[in-house]
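The model shown is predicted, which means the values in this text are computed figures rather than measured ones. Residues take their numbers from the sequence shown, with the count starting at 1.
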Amino acid sequence: MRHRFIVPGAVAASLLLAIPASAAEPSPGAPGVGDPYYPDYGNGGYDVSHYDLRLKYQPKNDKLEGTATLLTTATQDLSRFNLDFALDVSEVRVNGKKAEFATSDAHELEITPAKPLKKGERATVVVRYSGTPSKVKVNGFTSWHRTKDGGVAANEPEAAWWWFPSNDHPTDKASYDVSVAVPDGTQAISNGTLQSQSSTAGWTRYNWRSRAPQATYLALLAVGKFDITKSETDSGLPVINAYSKDLGENDGAARASVERTGEITGWLEGYFGKYPFEALGGVVPNTDTSYALETQTRPFYSPGFKKGANTSLVAHELAHQWYGDSVSVRQWKDIWINEGFASYAQWLWSEDQGEGTAQELADYTYASYPADDEFWKVKPGDPGAENQFHDAVYDRGAMALQALRNKIGDKDFFAILKGWPQERGGGDATVKEFIAYAEKVSGEKLGKLFDTWLFTPGKPATGPTGKSAKALAAKAPEKPKSWQKIHDVHRAEQRGHGH
C-alpha cells in the first residue's frame, strides 16, 4: 500500500531529490509478458531457472496432487507476482514463509510474498496443489488428454496449466526435475533422462531430469500402461520410446515410425549440427488426439498411424528439437522459425528417401494452391493467433526456404541451417533476427525475398524455384510420392492445436 504524507513544497522537493532510485516502492509483476497473440501468457517481474515437480497421480479417478518448487530471480522490485495455473492451490510459500495467494482471470495465480522481493533477489517458490485435470477447462478447452489407463499433458501453445504452475511463455526457459508416483504397473513418462525408479506400498516413483533450458509448453507428462523400449544412438545418447499397450492394429505402424528416432536424429545432425540435448525418444499414448508435438527430447505422437508408418512425421518433430526447442520463438508470431524449418526437414527427408526432391515438392506445392485460394492470404512471418498453425505457415514457410536456397546457393544455405541453432541454441529469436543472420552468412540483401514469401498476402508471381505460375500451369508438376504424407502431417497439426 502506498502511504501518503504532506510536507511543505520546498522540503518535499529536496526529499525527492535525496531519495535514491532503489528506494522506489516495490510493484506487482505484470500478469503477462505482452505477447501480441496471447497477452496474458507468461508473467513479468521474474525469471525461473529451475522447476522441481513432485507429483502423485491416480489413473482410476484422474486425481493429481503436486508440490512445485520454482527457483526464481526477481527482475524488478516485486510486491506481488503471478504464475499461470488452473488447478486448486492449498498453500504457497516464498523463501520458506507462507504467502498470500488468490486467483484471477482464466489462469492467473497471484502470489503476495510476506516480504517484497528486491530486484536481483533469488527466491524459492513452493506451491502445493491438487485437482482433476480432465475436469478443468480454461477458456473452453483443455490440454489434458484422458486415456483409459491415465492421462497426458501435451498441447501448444499451452499445456502446463493442467499439471504445474509456471511462467508460461517460451522466453522463460528452465531446467526440470519431474518426480511422479503412480500405482505399480503404471508408468510415468517425462522429458530428458530417467534418473531413478523405486517402488513402495503399491506405488512406483519415476524421477526424470531435463538439464537443458526448456520452454513450459515443451514439458511432457504421460501416465499409463506402456511398453518401453530402450536403445542408444551411434553417438551413445539414450533413446527411450513408450507405446500404450492398447494401440491395437496401429501398434506396428507406430513402432515402425518412432523406433527410427535415433537413425533420423543422426541424419538430421548432418543438416542442423550436433543434437542439442542429452536424450531422445518418443511417446505414443492412446489418446483421442490427431496431432504430434515436439515435447523436448521426447515428442508426443497421437496413435493414428492408420495409413501405416510415417517417418516424415518423425523427421518433422525431431527437426523441432533444433528449430523450436533449442532455438525458441521470441513471440508466438515468430512461429515460422519452428514450423517452416521442420516442414523443410520433411522435404529433405523426402529427397533422401527418393520420394521427391525439395525442388519438386516446392514446385508442386506452389502449383497446388490457386491464386485465389485463402491459403495465400496468410502471412507465415506473422500469421495471427487464429492462423498460427495454418497450412501456409508450414507449406509457404517451407517454400520460403527453398526460395532462399535457390537465391543464395547450397553452400551458404546449408551453412545457415547448421549455423543458426549453434549460434542461438538455448535461447529464443525472431524472424527478423533470422533474416539478418541469413544476410550475414550469405553476404546478400534478402529483405525483398523474405517480404515476398513471409509478409506479403497473395501468391508470388514466380514460384520458390524461379518458375513462373504460367509456366507451371502449362506443364503441371507431377505429384511427389511424399507430398500427401507431408501434407497429412501439417493438417493433423492444424486440427490438433485448434481449440
Taking atom types as modelled, find out whether N241 and E259 have a side-chain donor-acceptor pair closer than 3.5 angstrom.
yes
Carefully, step by step, assess S27 and Q76 under the rule side chain to side chain donor-acceptor pair (under 3.5 Å).
CA-CA 8 Å; S27 57; Q76 68 178 67; 3.2 Å; yes
Pick out which of E158, H107, H169 makes a side chain to side chain donor-acceptor pair (under 3.5 Å) with Y41.
E158
List the steps and the verdict of ring-ring contact (aromatic ring centres under 6.0 Å, His included) for Y129 and W161.
CA-CA 12 Å; Y129 57 93; W161 309 343; over 10 Å; no
Show, in sequence, the C-alpha distance, side-chain angles and deciding distance for Y291 and F300, and conclude whether the ring-ring contact (aromatic ring centres under 6.0 Å, His included) test is met.
CA-CA 8 Å; Y291 62 95; F300 158 85; 5.7 Å; yes
Given 3.5 Å as the limit, does a donor-acceptor pair link the side chain of D84 with the main chain of G42, or not?
yes
Taking it one step at a time, do H50 and S175 satisfy side chain to side chain donor-acceptor pair (under 3.5 Å)?
CA-CA 5 Å; H50 183 72; S175 56; 2.7 Å; yes
Is the shortest side-chain N to carboxylate O distance from R93 to E91 below 4.0 Å?
yes
Tell me which one of Y394, W322, F434 satisfies ring-ring contact (aromatic ring centres under 6.0 Å, His included) with F341.
F434
If every non-hydrogen atom of S79 is compared with every non-hydrogen atom of P26, which pair is closest and at what distance?
N-CB, 3.7 Å
Using only heavy-atom distances, determine whether the side chains of D62 and Y57 contain a donor-acceptor pair under 3.5 Å.
yes
Would a distance-only check, ignoring hydrogens and angles, find a side-chain to backbone donor-acceptor pair under 3.5 Å from S90 to R128?
yes
Under a 3.5 Å threshold, yes or no: a donor from one side chain and an acceptor from the other, between Q346 and S312?
yes
Between Y37 and W332, does the ring-ring contact (aromatic ring centres under 6.0 Å, His included) criterion hold? Intermediate values first, please.
CA-CA 6 Å; Y37 285 11; W332 281 108; 8.7 Å; no
Hey, what do you get for CZ (R80) to CD1 (I111), rounding to the nearest 0.5 Å?
11.0 Å
Whether F305 and Y301 hold their rings parallel, tilted or perpendicular, with breakpoints at 30° and 60°
tilted
Classify the side-chain pair N155/S143 by whether it contains a donor and acceptor separated by less than 3.5 Å.
yes
In chain order, what residues pass the side-chain hydrogen bond (donor to acceptor under 3.5 Å, both in side chains) check against Y46, with sequence neighbours excluded?
N43
Without swapping roles, check the side chain of T311 against the backbone of V314 for a donor-acceptor pair under 3.5 Å.
no
Decide whether T193 and W208 meet the rule of one side-chain donor and one side-chain acceptor closer than 3.5 Å.
no
Scanning both residues in full, the closest heavy-atom pair of D325 with E294 reads OD2-O, 2.7 Å
Using every non-hydrogen atom in the two residues, find where G282 and R298 come nearest and quote the distance to one decimal.
N-CG, 3.7 Å
Begin with the C-alpha distance, continue with both residues' side-chain angles, and end with the deciding distance and a verdict on ring-ring contact (aromatic ring centres under 6.0 Å, His included) for W420 and Y437.
CA-CA 8 Å; W420 174 253; Y437 179 77; 5.5 Å; yes
Would you tell me whether D395 and Y369 have side-chain atoms, one donor and one acceptor, within less than 3.5 Å of each other?
yes
Which pair of non-hydrogen atoms, one from P421 and one from Y323, has the smallest distance, and what is that distance?
CD-OH, 3.4 Å
Using 30° and 60° as the class boundaries, would you call the ring planes of F375 and H390 parallel, tilted or perpendicular?
tilted
Go through the steps for N82 and E108 under the test side chain to side chain donor-acceptor pair (under 3.5 Å), then give the verdict.
CA-CA 6 Å; N82 286 18; E108 299 289 336; 2.9 Å; yes
Could you walk me through whether T216 and D168 pass side chain to side chain donor-acceptor pair (under 3.5 Å), step by step?
CA-CA 6 Å; T216 44; D168 194 25; 2.5 Å; yes
Taken in chain and number order and not counting sequence neighbours, the residues that satisfy side-chain contact (heavy atoms from CB on, under 4.5 Å) with S328 are P170, K173, D428
